Amino acid sequence: MQCAQWLLFVAPLAVLLLASVAPVRSQTNNYEFNDSHFHLTNNVQEGPTIHDFLNMMGNKAGHVALFGVPLQQQWSYPVDGDRAPTYYLHSDAPLYYYSFTDAWIAMAYKSLPKEQQARFDPMITGFNPTDMYAADHIRRVLQTFPGVFTGIGEFTIHKEFVSAKIPGEVASLQNPALDRILDFAAEVGLVVILHNDIDIPIANDVAKNESEPAYLSQIKAVFKRHPNATIIWAHMGLGRLVAPPKRHLAQIEAILRDPGFHSVYVDISWDEVAKYFVASPEATKGLADLMQRYPDRFLFGTDAAAPGDQSKYLKVFYQYKPLWKSLDAETSRKVRLRNYEQIFDEARRKVRNWESAHVPAASSK
């Protein structure tokens, strides 16, 4: 009897203690999706305030992986005159890495009350993946803003048109700098959102005789070298001019089936990707069938960049309406909601633990 009375006294205190040390996460039962891929800013670092974006999320988006755009489009007057470009395809002028994006995202996040912060997972993205010091940048951001970030990315290696517009060394999947980044991400527990096209642009026209997509073997080698890094392959490797290659879904399935790639996930973000999978009932069914065979390995994301209003933000979610109708209820819920929660909640826990051990400001809180 005395033991029972003691438990009745202690149990509520334990619950209160756990609540005080664990970040409170808003429930997503009443939301339609979590967004694994969102840019608050665009290529000239403009966009809505985070408070305005919360209004766009409304009762549709529960949690959002929040990041800027790490590549700034230069406004070169000799090239563009008074026509100020706002997108990487608007100009022939180069792009350059804009590291201040990480501080901008961190301060936007910190401007929110705790209950609103709980809806976001900020990501570090303002680093050059060809630089052996890139991992040190990531470490410094964690040290400067403890308690804020959950992962790194979206960052780009091979991307149509983008890679050639960045002066200096071209990013590569075979660069030791990338390995150093992914090693550090695995050490800390950071989620990695990696953009790497599976193939070159318009490959069906210019490389029609190739036996496999240009970068498939290289990215599989990256995944194999970093089995402890949680990597989300953005856009299933596709893009505006990187259409699904022959046997694309089979190639994705081979990765998901391989035990060596157990920590690799794929997102289906971007309207330019969605167009391929809602183009016909057969295309939709092919993706839906693959998702239902591997329901824990796919995430939905919008890839919206600095949307002006809610309709622009929700565009991709509604674009995938045929896909949502094709999935069974459990798979749909995992892709839209649960997989995000599993991956990002675990990453957040690991990163906070790493910060407690390595960042004095974090351990003293």
Side-chain angles (χ1 to χ4, degrees), residues 32-39 60-61 87-89 154 156 158-162 193-216 219 232-257 265-295 297-305 307 310-329 331-337 339:
E32 296 195 45
F33 65 90
N34 293 321
D35 189 347
S36 68
H37 195 125
F38 174 74
H39 303 269
K60 300 294 185 181
Y87 189 50
Y88 67 87
L89 292 177
E154 177 198 21
T156 297
H158 293 292
K159 181 178 180 180
E160 53 190 5
F161 307 120
V162 168
I193 302 177
L194 173 64
H195 182 128
N196 193 92
D197 294 342
I198 195 171
D199 211 342
I200 60 174
I202 55 173
N204 289 337
D205 294 330
V206 302
K208 62 181 68 176
N209 296 322
E210 295 295 327
S211 59
E212 72 170 31
Y215 303 118
L216 178 59
I219 198 163
I232 300 172
W233 189 10
H235 322 307
M236 295 179 68
L238 305 179
R240 180 179 285 101
L241 295 178
V242 180
K246 294 177 181 178
R247 303 186 62 254
H248 176 238
L249 293 182
Q251 291 157 352
I252 297 295
E253 181 162 19
I255 291 172
L256 301 180
R257 185 175 58 238
Y265 303 83
V266 291
D267 85 26
I268 58 171
S269 64
W270 198 8
D271 57 348
E272 294 291 342
V273 172
K275 70 183 181 184
Y276 298 120
F277 295 110
V278 298
S280 69
E282 293 75 21
T284 303
K285 184 178 186 302
L287 179 57
D289 289 348
L290 179 59
M291 285 179 165
Q292 287 173 171
R293 290 194 293 275
Y294 301 90
R297 306 292 288 280
F298 289 87
L299 298 97
F300 169 72
T302 63
D303 197 22
Q310 189 184 60
S311 65
K312 291 183 174 64
Y313 174 58
L314 297 177
K315 174 187 174 183
V316 178
F317 178 70
Y318 290 125
Q319 190 176 359
Y320 270 123
K321 188 175 181 179
L323 177 65
W324 308 137
K325 288 183 175 181
S326 299
L327 294 171
D328 64 70
T331 300
S332 175
R333 183 164 181 78
K334 285 186 174 184
V335 174
R336 291 182 295 110
L337 292 162
N339 292 344

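Nothing fancy with the numbering, it's 1 onward along the sequence. If you're wondering where the values come from, they're calculated on a predicted model, not measured in any experiment.
- Annotation: salt bridge (charged side-chain N to carboxylate O under 4.0 Å, His left out) contacts of Lys321 (sequence neighbours excluded): none.
- Proximity of Phe277 to Leu249: side-chain heavy atoms (C-beta onward) are separated by under 4.5 Å at one or more points.
- Listed by first then second residue, pairs satisfying salt bridge (Lys or Arg N to Asp or Glu O under 4.0 Å) with a partner in residues 241-252 number zero, not counting sequence neighbours.
- For Ser269 (side chain) and Thr302 (main-chain N/O), no donor-acceptor pair under 3.5 Å exists by modelled atom type.
- Under the 3.5 Å distance criterion, the side-chain polar atoms of Trp233 are matched with a main-chain donor or acceptor of Asn196.
- Under the side chain to side chain contact (heavy atoms under 4.5 Å, CB included) criterion, Lys275 pairs with Glu272, Gln319, not counting sequence neighbours.
- For the side chain to side chain donor-acceptor pair (under 3.5 Å) test, residues two or more places apart in sequence or in another chain that qualify with Ser311 are Asp309.
- Identified under the salt bridge (Lys or Arg N to Asp or Glu O under 4.0 Å) test for residues 194-205, with sequence neighbours left out: none.
- Under the side chain to side chain contact (heavy atoms under 4.5 Å, CB included) criterion, Pro244 pairs with Leu238, His248, Tyr276, not counting sequence neighbours.
- One N or O on the side chain of Asn339 and one on the backbone of Pro295 form a donor-acceptor pair closer than 3.5 Å.
- Gln251 places a side-chain heavy atom less than 4.5 Å from the side chain of Ile198.
- Considering only heavy atoms from C-beta on, His235 comes within 4.5 Å of Glu154 through its side chain.
- Residues that satisfy the side chain to side chain donor-acceptor pair (under 3.5 Å) test with Lys334, not counting sequence neighbours, are Asp296.
- Partners of His39 according to the ring-ring contact (aromatic ring centres under 6.0 Å, His included) rule, which considers only residues two or more places apart in sequence or in another chain, are His37, Phe67.
- Between Phe298 and Thr331 the shortest side-chain heavy-atom distance does not fall below 4.5 Å.
- When the ring-ring contact (aromatic ring centres under 6.0 Å, His included) test is applied to Phe300, the partners found at least two apart in sequence or on another chain are Phe33, Phe317, Trp324.
- Side-chain contact between Lys159 and Tyr88: present, with at least one pair of heavy atoms (C-beta onward) separated by less than 4.5 Å.
- In terms of the ring-ring contact (aromatic ring centres under 6.0 Å, His included) criterion, residue partners of Phe38 (sequence neighbours excluded) are, by chain and number, Phe53, Tyr313.
- Remark: Tyr87 engages Asn43, Leu89, His90, Arg240 in a side chain to side chain contact (heavy atoms under 4.5 Å, CB included) (not counting sequence neighbours).
- Taking Ala279 as the reference, nothing meets the side chain to side chain contact (heavy atoms under 4.5 Å, CB included) condition, with sequence neighbours excluded.
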